[in-house]
Trainee: 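First the structure, which I've put down as structure tokens, then a few questions once you've had a look.
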Amino acid sequence: MAVSNQPSLDLQTLTSLCKRRGFLFQSSEIYGGLASTWDYGPLGVELKNNVKAAWWKHFVWERDDMVGLDASILMHPDVWRASGHAAHFSDPLVECRECNLRFRADHLMPWKVYGKMGRQKDFLGYVTDINPEWSLSDEADSWHYALARKRGYKDHVAKPTEKSVGELIDSSDIPCPSCKSVGSFTEPRQFNQMLTTHLGPVQDDASLTFLRPETAQGIFVNFDNVITATRRRPPFGIAQIGKAFRNEITTGNFIFRTREFEIMEIEFFVKPGEDNEWHERWTRECMAWYTELGLDQARLRLRPHEPDELAHYSKATSDIEYKFPWGWGEIQGIANRADFDLRAHTQASGQALSYFDDAAKQHVVPYVIEPSAGVDRAVMAFLADAYTEEEAVSAKGKPETRVLLKLHPTLAPVKVAVLPLSRNERLAPTAREVHHLVRRSGAIDGLVQYDDAQSIGRRYRRQDEVGTPLCVTVDFDTLDDQAVTVRDRDTMTQDRVAIEGLAQELRRRLE
RNA sequence: GCGGGAGUAGCUCAGUGGUAGAGCACUUCCUUGCCAAGGAAGAUGUCGCGGGUUCAAAUCCCGUCUCCCGCUCCA
């Protein structure tokens with residue numbers, strides 16, 4: 001029997017299976033869909049919940065050095081100013097219509113800055129003369145203040161707006177740095193990667209807040225609460241699973257890059273100086289989690305970030321990448337955030353975020369190792385990895401393809417399917433009874449389905465395609481011997497098992 | 001955001017101006033009784049959405065949305 005584990009798998013094969021069998025649907029489909037938003041269907045939500053539960057069990061329940069948290073998605077806007085996201089998320093960009101390259105508007109133009117000394121309005125200089133890193137949005141005030149202070153001015157000019165930047169670009173002779181075209185720039189637009197919303201009924205600036213672009217900050221701002229409540233000291237971690245939102249410029253590859261997504265994240269606090277060691281350790285542990293749940297080692301790799309691609313908070317980052325149908329893609333990052341966040345929040349809030357080191361007799365701001373995994377990306381990796389086509393010969397002697405998802409039993413959305421051999425009135429009561437027995441036994445941690453539609457072979461294939469590890473078949477012998485057939489998804493082998501103790505036996509086989 | 005491709009039944013797709021189709025899947029019944037079996041019947045479509053041209057549009061034109069590929073971006 002030729003087995004081909006996804007060599008020919010393309011994204012369309014996967015997406016159509018997901019839709020056909022109820023794993024994933026496009027969001028708002030009856031209205032034409034909304035770009036890059038997806039809904040988990042009846043089987044998808046089981047798979048996703050199983051992934052999250054497996055992660056939580058492994059990294060929280062089975063460790064001595066981890067506690068959980070579920071922080072709110074909405075947070076004080078100052079959180080994002082302190083964390084650096086507000087500054088790094090918002091840039092006015094223009095695009096050259098000739099060469100299609102994008103530039104930060106405030107980098108391009110000699111924006112004139114005026115200040116006031118007394119009542120006199122004086123020319124202070126050009127933005128580009130001051131600091132090309134300053135943007136016009138969140139940090140706009142800072143360069144005004146900085147320049148005004150530097151030159152001894154007390155006041156500063158009104159904050160420039162997007163519109164005024166646009167007018168200046170239009171009226172200027174600034175050539176495109178790349179193709180040298182003049183007058184080819186589009187209007188500046190805010191490419192703010194944080195999604196905003198307004199709290200309260202009035203949509204003014206005062207009520208403006210953000211949907212969190214990462215879950216980490218909810219952990220950092222609760223650091224003091226957690227160590228007080230749990231008496232923890234580093235090394236220890238806080239784990240959280242939750243939604244985050246990023247207004248990605250480019251989305252796509254099914255559920256790989258979406259604007260709303262879920263993260264399984266740990267902030268692991270360690271003594272400064274021990275951070276590199278912990279970073280390596282966490283990288284190994286995270287990698288092992290995927291392989292233990294069945295991901296093919298050959299489709300996993302570790303990729304350290306180059307210095308120039310590090311996040312603004314990160315000292316070092318390693319990505320765990322999976323080889324998706326379209327190529328390698330990050331499913332998890334393990335970042336060394338050092339003490340960037342705790343220090344930033346301490347400074348901004350005035351609240352000390354540190355612990356008392358009894359040995360050293362001093363307050364210490366711990367370093368942070370952050371393993372951060374995408375739930376949706378993990379789901380997709382597990383699906384793609386499990387997808388298998390087998391060439392088999394049918395009962396009629398005709399070659400055919402058996403499609404199955406070789407999902408780890410822990411992740412499989414349906415654990416067991418109970419199937420009467422046929423829809424026969426003699427079999428039905430016993431089959432229902434077996435179904436009820438297994439489902440209510442407490443032994444099976446997940447869905448136990450009943451299916452009596454169409455032939456038995458077809459029902460086996462249906463269960464194969466959604467990755468159900470075990471099928472229990474009630475046949476005519478069952479009525480006499482009180483035993484059923486247990487059929488294995490991967491090997492298609494069958495064993496006779498007594499109904500008494502069946503649930504425990506199924507549980508044993510699922511472990 | 002730019003360029004290219006695509007969108008017709010649940011899925012895969014055919015249909016280039018003249019009655020909306022196939023295979024698979026689905027439902028019911030009969031037969032059968034362990035790996036997509038056979039027979040019969042049946043249901044399923046605003047042809048992505050909106051506008052235009054035309055006696056007539058799935059088909060031609062314009063706009064728009066969505067997906068895929070390649071750029072670009074990616075704290």
Side-chain angles (χ1 to χ4, degrees), chain A residues 10-22 25-38 80 83-91 93-103 186 189 191-194 213-214 216-217 244 246-254 256-257 305 309-314 317 325-327 329-330 333 335 337 340 372 390 392-404 419-424 426-427 453-465 471 473-477 484-489 491-494 496:
Chain A
D10 57 30
L11 206 53
Q12 190 180 350
T13 306
L14 192 63
T15 53
S16 64
L17 184 140
C18 283
K19 180 174 183 187
R20 195 170 69 246
R21 306 317 303 259
F25 308 124
Q26 193 176 6
S27 168
S28 317
E29 193 180 16
I30 63 169
Y31 288 101
L34 179 67
S36 90
T37 50
W38 302 88
W80 306 112
S83 70
H85 286 85
H88 286 81
F89 261 67
S90 183
D91 298 318
L93 299 185
V94 294
E95 186 168 311
C96 173
R97 292 190 187 90
E98 295 298 321
C99 64
N100 295 328
L101 288 178
R102 260 196 220 126
F103 305 93
T186 60
R189 274 172 298 194
F191 281 78
N192 192 330
Q193 286 215 63
M194 273 201 291
E214 60 173 28
Q217 299 305 326
R246 298 180 191 182
N247 205 357
E248 298 283 357
I249 298 168
T250 304
T251 57
N253 288 127
F254 199 25
F256 183 78
R257 178 172 282 121
H305 276 207
E309 59 176 333
L310 287 175
H312 67 267
Y313 50 70
S314 176
T317 297
W326 67 86
E330 177 192 349
R337 296 178 80 128
F340 178 92
S372 177
E390 283 182 359
V393 178
S394 74
K396 302 278 286 180
K398 170 172 86 172
E400 60 180 22
T401 303
R402 182 168 83 112
V403 174
L404 65 157
L419 318 169
L421 190 57
S422 69
R423 190 181 279 180
N424 181 291
R426 288 174 59 216
L427 293 178
Q454 308 297 332
S455 75
I456 184 68
R458 187 172 299 190
R459 280 175 279 153
Y460 284 147
R461 297 303 167 87
R462 268 207 293 259
Q463 295 296 337
D464 288 341
E465 207 181 24
C471 289
T473 308
V474 173
D475 57 26
F476 292 97
D477 293 338
V484 293
T485 301
V486 176
R487 180 258 195 189
D488 182 88
R489 175 193 68 200
T491 62
M492 293 196 285
T493 54
Q494 296 177 299
R496 202 73 184 164

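Nothing here was measured: the structure is a model prediction, and the numbers come from that model. Lettering of chains follows the sequences in order, A, B, ..., and the numbering in each one begins at 1.
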Trainee: If I pick the P atom on B:rA37 and the same atom on B:rC26, what distance separates them, to the nearest angstrom?
Mentor: 9 Å
Trainee: Using the P atom as the point on both nucleotides, what is the distance between B:rU53 and B:rC61, in whole Å?
Mentor: 15 Å
Trainee: Specify the separation, in whole Å, of atom CG of A:L14 and atom P of B:rC67.
Mentor: 16 Å
Trainee: With rounding to the nearest 0.5 angstrom, report the OG1 to CZ distance, A:T15 to A:R20.
Mentor: 10.0 Å
Trainee: What interatomic distance, in whole Å, is found between P of B:rA25 and the corresponding atom of B:rG10?
Mentor: 16 Å
Trainee: Side-chain N or O of A:N424 versus OP1/OP2 of B:rU32: is the shortest distance under 4.0 Å?
Mentor: no
Trainee: Does A:R402 reach the main-chain N or O of A:E390 with its side chain, forming a donor-acceptor pair under 3.5 Å?
Mentor: no
Trainee: Across all strands shown, which nucleotide pairs with B:rU53 by Watson-Crick or G-U wobble geometry, both distances under 3.5 Å?
Mentor: none
Trainee: Does a side-chain N or O of A:K19 approach OP1 or OP2 of B:rC11 to a distance below 4.0 Å, or not?
Mentor: yes
Trainee: What is the distance, to the nearest angstrom, from the CG atom on A:D475 to the P atom on B:rC35?
Mentor: 13 Å
Trainee: Kindly say whether, by distance alone, the side chain of A:Y460 makes a donor-acceptor pair under 3.5 Å with the base of B:rC34?
Mentor: yes
Trainee: Can you figure out which of B:rC34, B:rC68, B:rC35 approaches the side chain of A:L11 most closely?
Mentor: B:rC68
Trainee: Show your working on side-chain contact (heavy atoms from CB on, under 4.5 Å) between A:R246 and A:R257 and close with a plain yes or no.
Mentor: CA-CA 10 Å; A:R246 298 180 191 182; A:R257 178 172 282 121; over 6 Å; no
Trainee: Whole angstroms only, please: what is the CG-C1' distance between A:L34 and B:rC67?
Mentor: 13 Å
Trainee: Check whether any side-chain heavy atom of A:T473 sits under 4.5 Å from a side-chain heavy atom of A:R459, and report yes or no.
Mentor: no
Trainee: Below 4.5 Å, heavy atoms only, C-beta onward: do A:C18 and A:W38 meet side chain to side chain?
Mentor: no
Trainee: State whether a side-chain donor-acceptor pair under 3.5 Å links A:R487 with A:T493.
Mentor: no
Trainee: Could you give the distance separating B:rU46 and B:rU72 at their P atoms, to the nearest angstrom?
Mentor: 40 Å
Trainee: Let's test this: given Watson-Crick or G-U wobble pairing with both distances under 3.5 Å, identify the partner of B:rC67.
Mentor: B:rG5
Trainee: Do A:Q26 and A:K19 have side chains that approach each other closer than 4.5 Å (heavy atoms only, starting at C-beta)?
Mentor: no
Trainee: Is there a Watson-Crick or G-U wobble partner for B:rA40 with both distances under 3.5 Å, and if so, which one is it?
Mentor: B:rU28
Trainee: Tabulate protein N/O versus nucleotide N/O from nucleotides 20-29 of chain B, keeping only pairs under 3.5 Å, one per line.
Mentor:
residue : atom : partner : partner atom : Å
B:rC26  : OP1  : A:R462  : NH1          : 2.4
B:rC26  : OP2  : A:R458  : NH1          : 3.0
B:rU27  : OP2  : A:Q454  : NE2          : 3.0

Trainee: NA contact type, A:T493, heavy-atom cut-off 4.0 Å: base, sugar-phosphate, or nothing?
Mentor: nothing
Trainee: Determine whether A:R21 and A:R462 make a side-chain contact, defined as any pair of heavy atoms from C-beta on separated by less than 4.5 Å.
Mentor: yes
Trainee: Nearest 0.5 Å please: distance from the OH atom of A:Y460 over to the OG atom of A:S455.
Mentor: 10.5 Å
Trainee: Nearest whole Å is fine: how far is B:rG70 C1' from A:R257 CZ?
Mentor: 15 Å
Trainee: Only pairs with both distances under 3.5 Å count, Watson-Crick or wobble alike; so what is the partner of B:rA22 in this structure?
Mentor: B:rU12
Trainee: Provide the Watson-Crick or G-U wobble partner of B:rG17, both distances under 3.5 Å; none if there is no partner.
Mentor: none
Trainee: Between B:rA22 and B:rG45, how far is it from one C1' atom to the other, in whole Å?
Mentor: 15 Å
Trainee: Please report the distance separating the P of B:rG51 from the corresponding atom of B:rA57, rounded so that it comes out in whole Å.
Mentor: 13 Å
Trainee: Look at all strands and tell whether A:F254 reaches a base, only sugar-phosphate, or nothing, counting heavy atoms closer than 4.0 Å.
Mentor: sugar-phosphate
Trainee: For A:T485, which contact category applies under a 4.0 Å heavy-atom criterion: base, sugar-phosphate, or nothing?
Mentor: base
Trainee: If you assign A:L421 and A:S36 each to the RNA chain B nucleotide with the nearest heavy atom, which residue ends up on the more 5' nucleotide?
Mentor: A:L421
Trainee: Quick check: does any side chain N or O of A:W326 sit under 3.5 Å from a backbone N or O of A:L11, one acting as donor and the other as acceptor?
Mentor: no
Trainee: Within the structure shown, what part of the strands sits under 4.0 Å from A:N253 by heavy-atom distance: base, sugar-phosphate, or nothing?
Mentor: sugar-phosphate
Trainee: What is the distance from CD of A:E390 to P of B:rA36, rounded to the nearest Å?
Mentor: 13 Å
Trainee: At less than 3.5 Å, do the side-chain atoms of A:R402 and the base atoms of B:rC35 form a donor-acceptor pair?
Mentor: no
Trainee: Taking only residues two or more places apart in sequence or in another chain, which ones pass salt bridge (charged side-chain N to carboxylate O under 4.0 Å, His left out) with A:R426?
Mentor: none
Trainee: Which part of the nucleic acid, if any, lies within contact of A:I456, taking any heavy atom under 4.0 Å across all strands shown: a base, the sugar-phosphate backbone alone, or nothing?
Mentor: sugar-phosphate
Trainee: Would you measure the distance from the P atom in B:rU8 across to the matching atom in B:rC67 and give it in whole Å?
Mentor: 14 Å
Trainee: Between A:S455 and B:rA37, is there a contact of a side-chain N or O with OP1 or OP2 at under 4.0 Å?
Mentor: yes
Trainee: Between the protein and nucleotides 45-48 of chain B, which nitrogen or oxygen pairs are less than 3.5 angstrom apart?
Mentor:
none

Trainee: Only one of A:L419, A:V484, A:V486, A:T485 passes side-chain contact (heavy atoms from CB on, under 4.5 Å) with A:C471; say which it is.
Mentor: A:L419
Trainee: Using atom types as modelled and distance alone, determine if a side-chain donor or acceptor of A:R489 lies under 3.5 Å from a backbone N or O of A:E465.
Mentor: no
Trainee: Which of these nucleotides, B:rC34, B:rC13, B:rU66, is closest to any side-chain atom of A:Q494?
Mentor: B:rC34
Trainee: Tell me: CZ of A:R459 to P of B:rA37, nearest whole Å?
Mentor: 11 Å
Trainee: Please report the distance separating the P of B:rU54 from the corresponding atom of B:rU59, rounded so that it comes out in whole Å.
Mentor: 16 Å
Trainee: Check the distance between B:rC35's C1' and A:E465's CD and give it to me in whole angstrom.
Mentor: 14 Å
Trainee: Roughly how many Å is it from CH2 in A:W326 to P in B:rC68, rounded to a whole number?
Mentor: 9 Å
Trainee: Tell me which nucleotide among B:rC13, B:rU66, B:rC69 gets nearest to the side chain of A:Q12.
Mentor: B:rC13
